[in-house]
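Computed from a predicted model, the values in this text were never measured in an experiment. So that the names make sense, note that chain A is the first sequence line, chain B the second, and so on, each numbered from 1.
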Amino acid sequence: MERSHYNGTLRLADVGTKVTLVGWVSKRRNLGSIVFIDLRDRSGIVQVNVDPAKINIDSVRNEYVIQVKGTVEAKEVPNKNLPTGEIEVVADEVVVVNSADTTPLIIADDTDALEDTRLKYRYLDLRRPCLQRNLMIRHKITQAVHEYLDNNDFIEVETPILTLSTPEGARDYLVPSRVHKGHFYALPQSPQISKQLLMVGGLERYYQIARCFRDEDLRADRQPDFTQIDIETSFLDQDQFLTLMEGLIQNIFRKARGIEIELPLRRMEYNDAVEIYGSDKPDTRFDLKLQDLKEVFKNTTFEGFKVQYVKGIVVNDVADKTSRKNIDELVDLAKKFGLKGLTTLKVVEGKLEGSFLKFMSEEEQSSLMSTLNLKNNDLVIIAASDSQHHCCFGLGAIRSFYAKKLNLIKPDTFDLLWVVHWPMFEYSEEQQRYVSAHHPFTRPCDEDLHLLDEDPSKVYAQAYDIVINGYEAGGGSLRIYDRSVQQKIFEVLGFSQEDIQRKFGFFIDAFKYGTPPHGGMAFGLDRLTMILAGTDNIRDVIAFPKNLSAVCPMSQAPGVVDEQQLKDLGIAITEFEK
RNA sequence: GGACCAGUGGUGUAGCGGUUAACAUGCCUCCCUGUCACGGAGGAGAUCGCGAGUUCGAUUCUCGUCUGGUCCGCCA
């Protein structure tokens with residue numbers, strides 16, 4: 001089709017130019033003997049001026065596809081809201097290329113349609129400039145990845161989508177085999193096994209923009225199929241690797257948004273993140289740190305405080321605005337994180353106030369005042385638990401709650417840090433055994449190896465997460481390449497020799513033949529795009545996302561299939577609850 | 001698996017134990033030469049998600065159910 005310019009690129013310098021434009025009718029303004037059309041294409045909108053006495057466009061409606069031939073002219077009164085606002089195209093000819101029914105949603109950034117409607121008509125939703133911008137940012141991120149990693153000797157390798165189900169970890173999406181009835185492929189939760197085998201295969205530096213699949217419940221920032229920037233390297237220690245990755249992050253921010261990130265990035269120990277920020281992915285754009293109160297309450301008479309962890313946060317200048325109802329909200333929030341309750345105190349006229357005072361001695365009160373450096377109108381929120389997880393994460397949630405409520409976060413600011421030195425294992429009460437905090441191939445810290453026998457809970461791993469604005473934007477680890485260490489880890493996890501052979505047989509075998517020290521990480525491309533696009537909804541950065549019940553509102557996937565298809569696969573549907 | 005919130009013209013919302021179910025936007029017709037979310041006049045368009053219950057009467061109250069959203073569990 002004939003087309004001379006992108007609509008959104010025309011400027012004052014183009015005045016006098018004969019142009020041929022194509023696009024969608026974004027808006028038609030009929031003033032009687034003059035008609036204006038806002039013509040939209042991917043690049044933006046330009047105003048077309050039509051004289052209805054010469055050109056009949058009575059039939060043209062919103063979202064018609066048209067071709068316009070005309071001349072660029074300067075406007076008498078520019079429209080400052082539009083990049084093309086200083087000019088308009090005076091039409092000589094308008095060709096209706098295709099008509100359009102009335103759309104179920106308004107095609108504009110400030111559409112009023114609910115997300116469900118938008119997803120049902122996603123192809124219309126995608127015409128909105130903000131979504132096109134998001135997908136453009138996503139594209140720029142992947143281009144920045146290709147560029148940087150290629151410059152640093154990485155090679156892109158594709159790994160199988162039809163793989164073997166991996167034990168541990170998330171629930172797999174399964175694909176039945178027609179050739180081998182009763183056997184199933186699994187879609188990869190990540191190319192973890194493949195990329196480590198590529199290191200055994202001597203590729204040294206691998207990457208892939210990899211689609212991953214996890215059959216778990218969804219969230220605002222989680223989709224069942226999502227994309228990782230998947231990376232693995234050989235012969236690098238943790239520092240060398242993180243430094244290499246920092247360059248990648250820098251290039252991504254620069255190319256996708258023109259933002260300069262200062263290197264090196266801060267590195268925070270996992271334990272500090274949890275104890276000080278109440279999160280393993282702390283947002284350090286605001287303060288509100290957790291403070292340890294174990295010492296203050298060391299002689300407490302209150303049973304609830306005779307526990308391992310007593311911590312508090314201080315919110316300045318809100319005590320007088322905090323009602324009983326507000327406190328109840330906080331307690332509800334804390335309960336979600338396994339806390340039984342919260343203790344709150346207010347500072348009024350230099351003195352603590354609150355029903356909890358009856359459990360506090362004079363010394364405790366003054367000790368609390370000085371430890372927390374309390375001032376008038378401060379609100380003190382205290383949590384106590386034998387579980388570090390419950391105490392810290394509960395307060396961490398309250399910390400985030402207040403950051404949002406009090407607007408403590410400046411928009412369009414970026415806070416990047418590494419969380420390093422993660423625990424190797426977590427104890428699963430449910431399974432009554434240790435489970436991997438990361439995965440079973442994570443390399444323990446050398447200095448902790450001797451603890452594998454005596455106390456696995458004290459063993460830390462050479463693992464790291466990149467945290468941006470409180471989001472886990474990626475994570476990884478160095479991997480075990482010593483077979484005796486790997487054997488030891490399996491023992492701690494309680495796997496028998498048969499388990500190991502059955503679950504990881506071919507993988508473990510590969511490590512017999514000269515495995516290089518290796519490690520890597522994966523960035524969540526969707527989350528990275530969310531952060532750089534400034535949205536908190538993962539669906540805003542994915543072209544065709546699924547809703548919270550893992551359904552595509554547009555195609556209605558997943559669907560039922562023909563009887564014959566099931567027969568071919570040797571599959572029978574048994575009764576199930578809807 | 002669980003908690004909470006929402007479901008009313010095409011779209012987004014308001015409302016209320018008895019209404020002609022309101023508003024905005026979109027749509028249709030007409031008027032308008034400088035709009036840019038144009039303006040003006042008129043019009044069409046809703047069995048108030050579904051089922052049961054309470055009631056003389058339910059869109060409104062109750063219960064159930066379905067759908068959507070946010071979160072907890074889960075996501076090595």
Watson-Crick or G-U wobble partner of [N], both distances under 3.5 Å:
N      : result
B/rU65 : B/rG49
B/rC36 : none
B/rG10 : B/rU25
B/rC16 : none
B/rA58 : none
B/rU70 : B/rA3

Before accepting this row, confirm whether a basic side-chain N of the pair A/K120/A/D116 lies closer than 4.0 Å to the acidic partner's carboxylate O.
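No, A/K120 and A/D116 are not salt-bridged.
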If the threshold is 4.0 Å, N to carboxylate O, is there a salt bridge linking A/R222 and A/D217?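 Between A/D217 and A/R222 there is no salt bridge, as every charged N stays at least 4.0 Å from the carboxylate O atoms.
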[M] and [N], which share atom name [atom1], separated by this distance in whole Å:
N      : M      : atom1 : result
B/rG9  : B/rA52 : C1'   : 27 Å
B/rU54 : B/rC63 : P     : 15 Å
B/rU33 : B/rC28 : C1'   : 24 Å
B/rC38 : B/rC4  : C1'   : 44 Å
B/rG17 : B/rA58 : C1'   : 7 Å
B/rG64 : B/rG43 : C1'   : 42 Å
B/rC5  : B/rG40 : P     : 41 Å
B/rG69 : B/rG12 : P     : 13 Å

I'd like to check the salt bridge (Lys or Arg N to Asp or Glu O under 4.0 Å) partners of A/R443; sequence neighbours left out, ordered by chain and number.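 By the salt bridge (Lys or Arg N to Asp or Glu O under 4.0 Å) rule, A/R443 matches no residue at all.
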Quick one: salt bridge (Lys or Arg N to Asp or Glu O under 4.0 Å) partners of A/D41, sequence neighbours excluded?
->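 In terms of salt bridge (Lys or Arg N to Asp or Glu O under 4.0 Å), with neighbours along the sequence ignored, A/D41 is linked to A/R3.
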Side chain of [X] (C-beta onward), nearest among [options]:
X      : options                : value
A/A170 : B/rC75, B/rG34, B/rC72 : B/rC75
A/D38  : B/rG69, B/rU35, B/rC38 : B/rC38
A/L31  : B/rU13, B/rU33, B/rU70 : B/rU33
A/A113 : B/rU11, B/rC36, B/rU33 : B/rU11
A/P104 : B/rC32, B/rG10, B/rG12 : B/rG10

I need the residues from residues 463-494 of chain A with at least one non-hydrogen atom less than 4.0 Å from RNA chain B; give them sorted by number, or say none.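 RNA chain B contact set from residues 463-494 of chain A: none.
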Exercise for review: Go through residues 215-222 of chain A and report each residue with a non-hydrogen atom lying under 4.0 Å from RNA chain B, sorted by number.
Suggested key: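 Heavy-atom cutoff 4.0 Å gives A/E216, A/D217, A/R219, A/A220, A/R222.
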Between A/R29 and B/rC38, does any side-chain N or O lie under 4.0 Å from OP1 or OP2?
->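 Answer yes for this pair, as a side-chain N or O of A/R29 is under 4.0 Å from OP1 or OP2.
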task = Compare side-chain N and O positions of A/S549 against OP1 and OP2 of B/rG68 and report whether any pair is under 4.0 Å apart.
result =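 Checking B/rG68 against A/S549, a side-chain N or O does come within under 4.0 Å of OP1 or OP2.
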Side-chain donor/acceptor of A/K335 to base of B/rC72, under 3.5 Å:
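Absent.
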| Any donor-acceptor N/O pair under 3.5 Å between B/rG69 base and A/D116 side chain |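 No pair found.
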Enumerate the protein-to-nucleotides 25-29 of chain B contacts in which both atoms are nitrogen or oxygen and the separation is below 3.5 Å.
from: B/rG26; atom 1: OP1; to: A/K27; atom 2: NZ; distance (Å): 3.2
from: B/rC27; atom 1: OP1; to: A/N62; atom 2: ND2; distance (Å): 3.3
from: B/rC28; atom 1: OP1; to: A/R61; atom 2: NE; distance (Å): 2.5
from: B/rU29; atom 1: OP2; to: A/R61; atom 2: NH2; distance (Å): 3.4

Item to complete: Describe the nucleic acid contact of A/E76 in one word from base, sugar-phosphate, nothing, applying a heavy-atom distance below 4.0 Å.
Response: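 If one applies the 4.0 Å heavy-atom cut-off, A/E76 turns out to touch nothing in the nucleic acid.
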| message | Any base atoms under 4.0 Å from A/L114, or only sugar-phosphate, or nothing? Heavy atoms, all strands. | response |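 A/L114: backbone/sugar contact only, no base atoms under 4.0 Å.
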Would you say the side-chain atoms of [X] and [Y] include a donor-acceptor pair closer than 3.5 Å?
X      : Y      : result
A/D526 : A/T529 : no
A/N537 : A/E115 : yes
A/Y277 : A/D283 : no
A/Q192 : A/Q196 : yes
A/Q228 : A/S190 : no

Centre-to-centre under 6.0 Å for A/F504 and A/F490, is that the case here?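 Aromatic pair counts; centres sit under 6.0 Å.
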For A/Y121, does the six-membered ring have the charged nitrogen or CZ of A/R127 within the cation-pi criterion, i.e. under 6.0 angstrom from the centroid and within 45° of the normal?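 No, cation not above the ring by the 6.0 Å, 45° rule.
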What residue pairs, at least two apart or across chains, pass salt bridge (Lys or Arg N to Asp or Glu O under 4.0 Å) with a residue in residues 73-88 of chain A?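 Applying salt bridge (Lys or Arg N to Asp or Glu O under 4.0 Å) to every pair that reaches into residues 73-88 of chain A, excluding sequence neighbours, yields nothing.
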- [ ] State whether the number of non-hydrogen atoms from other residues, nucleotides or ligands found under 6.0 Å of A/K546 atom NZ is greater than 12.
- [x]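 Yes, the 6.0 Å shell around NZ holds more than 12 heavy atoms from other groups.
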Review point. With under 30° as parallel and over 60° as perpendicular, where do the rings of A/Y434 and A/Y427 fit, or are they tilted in between?
Key: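 Perpendicular.
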